[in-house]
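Throughout, numbering of the chain's residues begins at 1 and tracks the sequence.
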Amino acid sequence: MSRFLTIYLVQLKIYSLSSNNQLLIFIRTVVFYSGFIPLTIVTCTMFILLFPCLSKNARYKLTAGWCDSVLSWMRLVCGVRYEVVGIENLPNTPTVFLANHQSSWETIFFYSLLCPVSPILKKELMRIPFWGWAMRLQNPIAIDRSKPREAGKSVLVQGVDRLENGNSVIVFPEGTRSVAGTVKRFSRGGAKLAVAADVAIVPIAHNAGDCWPSRQFIKRPGFITVTVGKPIAVDGRDAGDLTTEVEQWISEQLHQASA
């Protein structure tokens, strides 16, 4: 009898600790958003008002400053830290970056790491008050996902234009966010863009979904590792082969990280 009572008390204690931990994580997440939302509104308002007076570089620096502030606030409040492995692989010339997509964290982080960069995003996101309005002024590659064929053509046309004008382009070939530790099948759009513009591809792998889970309010403390691969020269290669190579590399990086 005493044995079963001991086991029960241990399980009860574990459950209690787990519940308290979940409550703490929830509170920290609420505090994070209480700072994140006002910071975003203020920064985006400044960006919109100052846009006519700012140079192209100044606009990107202001955006990168917002990103760095959000990441610092997240580290302080939520305990989310990160490191970049292979940062020496980042080229100094316009590049097509292909990365896995697990959360909103990497969309914020990449804007600072890869600056100046043009993201590919859904047109409806630019209707979001403040953030969307400011993003519209950054000349992103906006697509209509309800029309896949037109969206593919738009990525090529707008993507080549951005690359020729000095911006890199970040592409999430999975198309949508995946569950942490998994990789969905890659589309060939990013590789086709690199081939059309004759620029290198740089793969990036990360585990941001462990801390900022897809479509979840909670932000969990932890360590995010962002791994930047070596540039892959296009050299007239087939977009399908390039996509397969990048997908396999990213999958291997995630597998090694979880082993």
One pair to check against side-chain contact (heavy atoms from CB on, under 4.5 Å): M126 and K122. What are the steps and the verdict? CA-CA 8 Å; M126 293 192 292; K122 297 179 291 185; over 6 Å; no
Could you check W105, F26, Y33, F36 and say which one makes a side chain to side chain contact (heavy atoms under 4.5 Å, CB included) with K219? Y33
Quickly, which of T244, V246, L242 forms a side chain to side chain contact (heavy atoms under 4.5 Å, CB included) with F186? Name it, please. V246
If you measure from [atom1] on [X] to [atom2] on [Y], what distance do you get to the nearest 0.5 Å?
X    : Y    : atom1 : atom2 : answer
S168 : L113 : OG    : CG    : 10.5 Å
T43  : W131 : OG1   : CH2   : 13.5 Å
R220 : C78  : CZ    : SG    : 11.5 Å
I41  : F130 : CD1   : CZ    : 5.0 Å
R162 : Q158 : CZ    : CD    : 5.0 Å
S103 : I108 : OG    : CD1   : 8.0 Å

Kindly indicate whether the side chain of [X], heavy atoms from C-beta on, has any atom under 4.5 Å from the side chain of [Y].
X    : Y    : result
T176 : R215 : yes
T227 : V84  : no
E88  : V228 : no
V171 : V169 : yes
R81  : I224 : no
F172 : I120 : no
N207 : T225 : yes
L114 : I204 : yes

Set of ring pair (Phe, Tyr, Trp, His ring centres under 6.0 Å) partners for Y60, sequence neighbours left out: none
Heavy atoms only: give me the nearest [X]-[Y] pair and the separation to one decimal.
X    : Y    : result
Y111 : C67  : CB-SG, 3.5 Å
K230 : P203 : O-CD, 3.6 Å
L98  : G190 : CD2-CA, 3.8 Å
A191 : A239 : CB-O, 3.5 Å
A180 : D210 : CB-OD1, 3.3 Å
P116 : N167 : CB-OD1, 3.7 Å

Give a yes or no on whether the backbone of [Y] and the side-chain of [X] come within a donor-acceptor separation of less than 3.5 Å.
X    : Y    : answer
T95  : P91  : no
H101 : S178 : no
D235 : R237 : no
S72  : S69  : no
D161 : V157 : no
E106 : Q102 : yes
W73  : F32  : yes
T182 : V179 : yes

Should [X] and [Y] be counted in the same cluster of Ile, Leu, Val, Met, Phe, Trp and Tyr side chains packed under 4.5 Å apart?
X    : Y    : answer
V202 : V85  : no
I218 : V80  : yes
L49  : M135 : no

Under 6.0 Å from the ring centre and within 45 degrees of the ring axis: does the NZ or CZ of R59 meet both conditions for the six-membered ring of F51? yes
Determine, step by step, whether L193 and L163 satisfy the side-chain contact (heavy atoms from CB on, under 4.5 Å) criterion, reporting the C-alpha distance in whole Å, the side-chain angles of both residues, the deciding distance to 0.1 Å, and the verdict. CA-CA 10 Å; L193 172 58; L163 289 162; 4.1 Å; yes
Apply the test side-chain contact (heavy atoms from CB on, under 4.5 Å) to residues F109 and H206: give CA-CA distance (whole Å), side-chain angles for both, the deciding distance (0.1 Å), then the verdict. CA-CA 11 Å; F109 177 69; H206 63 86; over 6 Å; no
Sequence neighbours left out, what pairs pass salt bridge (Lys or Arg N to Asp or Glu O under 4.0 Å) with at least one residue falling in residues 173-202? none
Might you confirm whether atom NZ of K153 has over 12 heavy atoms from other residues, nucleotides or ligands at distances under 6.0 Å? no
Stepwise, does the ring-ring contact (aromatic ring centres under 6.0 Å, His included) test hold for Y82 with F223? CA-CA 5 Å; Y82 67 88; F223 199 86; 8.2 Å; no
For W249 and E245, what are the C-alpha separation, side-chain angles and deciding distance, and is it a side-chain contact (heavy atoms from CB on, under 4.5 Å)? CA-CA 6 Å; W249 183 87; E245 180 179 344; 5.7 Å; no
